[in-house]
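Working notes, structure below.
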Amino acid sequence: MYGFEALTFNIHSGYLEAIVRGHRAGLLTTADYNNLCQCENLDDIKMHLSATKYGSYLQNEPSPLHTTTIVEKCTLKLVDDYKHMICQATEPMSTFLEYIRYGHMIDNVVLIVTGTLHERDVQELIEKCHPLGMFDSIATLAVAQNMRELYRLVLVDTPLAPYFSECLTSEDLDDMNIEIMRNTLYKAYLEDFYKFCQKLGGATAEIMSDLLAFEADRRAVNITINSIGTELTREDRKKLYSNFGLLYPYGHEELAICEDIDQVRGVMEKYPPYQAIFSKMSYGESQMLDKAFYEEEVRRLCLAFEQQFHYAVFFAYMRLREQEIRNLMWISECVAQNQKSRIHDSVVYMF
Amino acid sequence: MAGDEEIEIYEEGEESMEVKNEAEAKTEGGDEKVLQFLDSLDEYLTLMDSLNSKLREGWFDLASARHSMGTLRISSTLLDLKDHSASSTLQVTDQEVESLGSVPRFALSKWASKGGSGKGKDFSTDAVSEMGSPRSPQLRHRGVSEEKPSAMGETVLAADEEIKKERAKSLSVFGGLVSPKLRGAQLSFETALETLVEIANTRSSMLTAFERITKK
């Protein structure tokens, strides 16, 4: 019953909530980012990060550093935190934490299939996979020629199996079909996660509904913008939108027929939460849209920590870490390319 | 006699005038060659600066696309290792220049179709043949010179559509739906490639102008 979580939550999940709130305190602050923005090269960044929670992950990396190395090592910190939490979790929290991995599993499946299509070495592809999205039979993905084989040979025994019902075809895998498969799987995953959170009820349902609805809406906008000028038809585009969120269903109807960024703006400005996002950009511009969406997401994720006794804090922590890693990647790229004046184009501050 | 002396002085004056005019003409011709060399040098430096700026922009847009789409989706791991023909080709021809023999001329053919039917645009510059005038790049569209204006417009549109498809095809290694930033990066690198060819032609004309100055 909503409102009585305080009575029972701490029995099974109190320890992990304390752990995740401790991890949240370790996220980089504005002062940390200011120091990082002053760095002249990647070794300076490594030196500044040695004083943070990432220190132990980067200390043994030899110079010269590369931006991908920084991202990989910082991701290991996220993975270690996640593994510590999931090994201590009981049901239903363990299932909730598993759901957080499925997005990465989908990305890894698409990476392996795309790389195999391009005749890349499977071992090389597996090394590039996200650690949170690994599963046992992932290497077997390379033998599949179409989606039916992909499902039958490999994915039927993975948590992604239920998501394949909408994209089971015998068509050969090519770049566009793979893209449609990616988005269809992610749509099914988001809807399933949403239903699971609704079943949990209470504060988890309330906060996760908001976060997942925002994720669904953002995906709809990105799919629309990225498909402008491509061979993806309006009907196919609409099929990739999730069946929930603030934009569902009327916003989706309008987004499906948009042909340029200004039409997308016209649709989104009818919804007050997104009017604020688009008001930050001038007409015809889409460069700052990603940053505006990330800022809004971070605002909502930080608000999740204002309430206790729910699982959304775990989701929020994972997403905030991912945003932090994105920030570090961006700062490293700007420093490496000697474009420090552009650092603030995409860094999203959290606290 | 005085008259003969006057004629001699007059003839000497005429000869010295002729010599003076020849010297002046020589000097003017030499100045013109130096000016040509300095013009081509200036153009070379401007193009180098433009190339540097375009490449920086391209790499930055690529980083922006990686930030937007994720490091898994934009990485060298996804590049296609299957055999495929080049989307752009470079032709090197020799052009005859008066008193200097043959000099190389570079022409870029972008987005040529796989069948070799040559539907791509040809970006070529006639730098060497226009030494005396400010060089301006000329665009040549194959097979349109004898067509009527309305048909030419349709041909250009069809060619643009074809080029759009080729661009989308080369980006499809990163997925069917890519960020506009990745498309921006592609355009920047495309422009950089055109600039490189212009630089090669300008360098060729610069060296030719230098040889003309130093030649006795």
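Here is how names work: the chains are called A, B, and so on, in the same order as the sequence lines, proteins then strands, and each is numbered from 1.
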Heavy-atom closest contact ([X] atom, [Y] atom, distance):
X	Y	value
A/Y294	B/S68	OH-O, 3.7 Å
B/S179	A/N226	CA-OD1, 3.4 Å
A/N338	B/R56	O-NH2, 3.3 Å
A/T230	B/R183	CG2-NH2, 3.5 Å

Examine whether an atom of [X] lies under 4.5 Å from a heavy atom of chain B, and if so say whether it belongs to the side chain, the backbone or both; otherwise answer neither.
X	result
A/N183	side chain
A/I228	backbone
A/S227	both
A/F293	neither
A/E124	both

Hey, are the side chains of B/L177 and A/R182 touching, using non-hydrogen atoms and a 4.5 Å cut-off? no
Contact class of [X] relative to chain A, heavy atoms under 4.5 angstrom:
X	answer
B/A168	neither
B/K82	both
B/L79	both
B/T71	side chain

Sidechain-backbone polar pair: A/H118 side chain, B/L78 backbone, donor-acceptor under 3.5 Å: yes
Side chain B/R66, main chain A/W330, donor-acceptor under 3.5 Å: no
Tell me if the CZ atom of B/F189 is crowded by more than 12 foreign heavy atoms within 6.0 Å. yes
Count the heavy atoms of every other residue, nucleotide or ligand shown that sit under 6.0 Å from NZ of A/K340, and state whether that count exceeds 12. yes
Heavy-atom pairs under 4.5 Å with chain B - which of A/R342, A/K291, A/M176, A/E322 has more of them than the others? A/R342
Most heavy-atom pairs under 4.5 angstrom with chain B, which of A/Q337, A/R326, A/E231, A/E333? A/Q337
Intermediate values then yes/no, salt bridge (Lys or Arg N to Asp or Glu O under 4.0 Å), B/R73 and A/E179: CA-CA 11 Å; B/R73 291 195 62 186; A/E179 189 67 37; 3.1 Å; yes
[atom1] of [X] to [atom2] of [Y]: how many Å apart, nearest 0.5 Å?
X	Y	atom1	atom2	result
A/D345	B/H67	CG	NE2	10.0 Å
B/S76	A/R120	OG	CZ	6.5 Å
A/L117	B/D80	CG	CG	7.0 Å
A/E127	B/T77	CD	OG1	9.5 Å
A/T114	B/L72	OG1	CG	10.5 Å

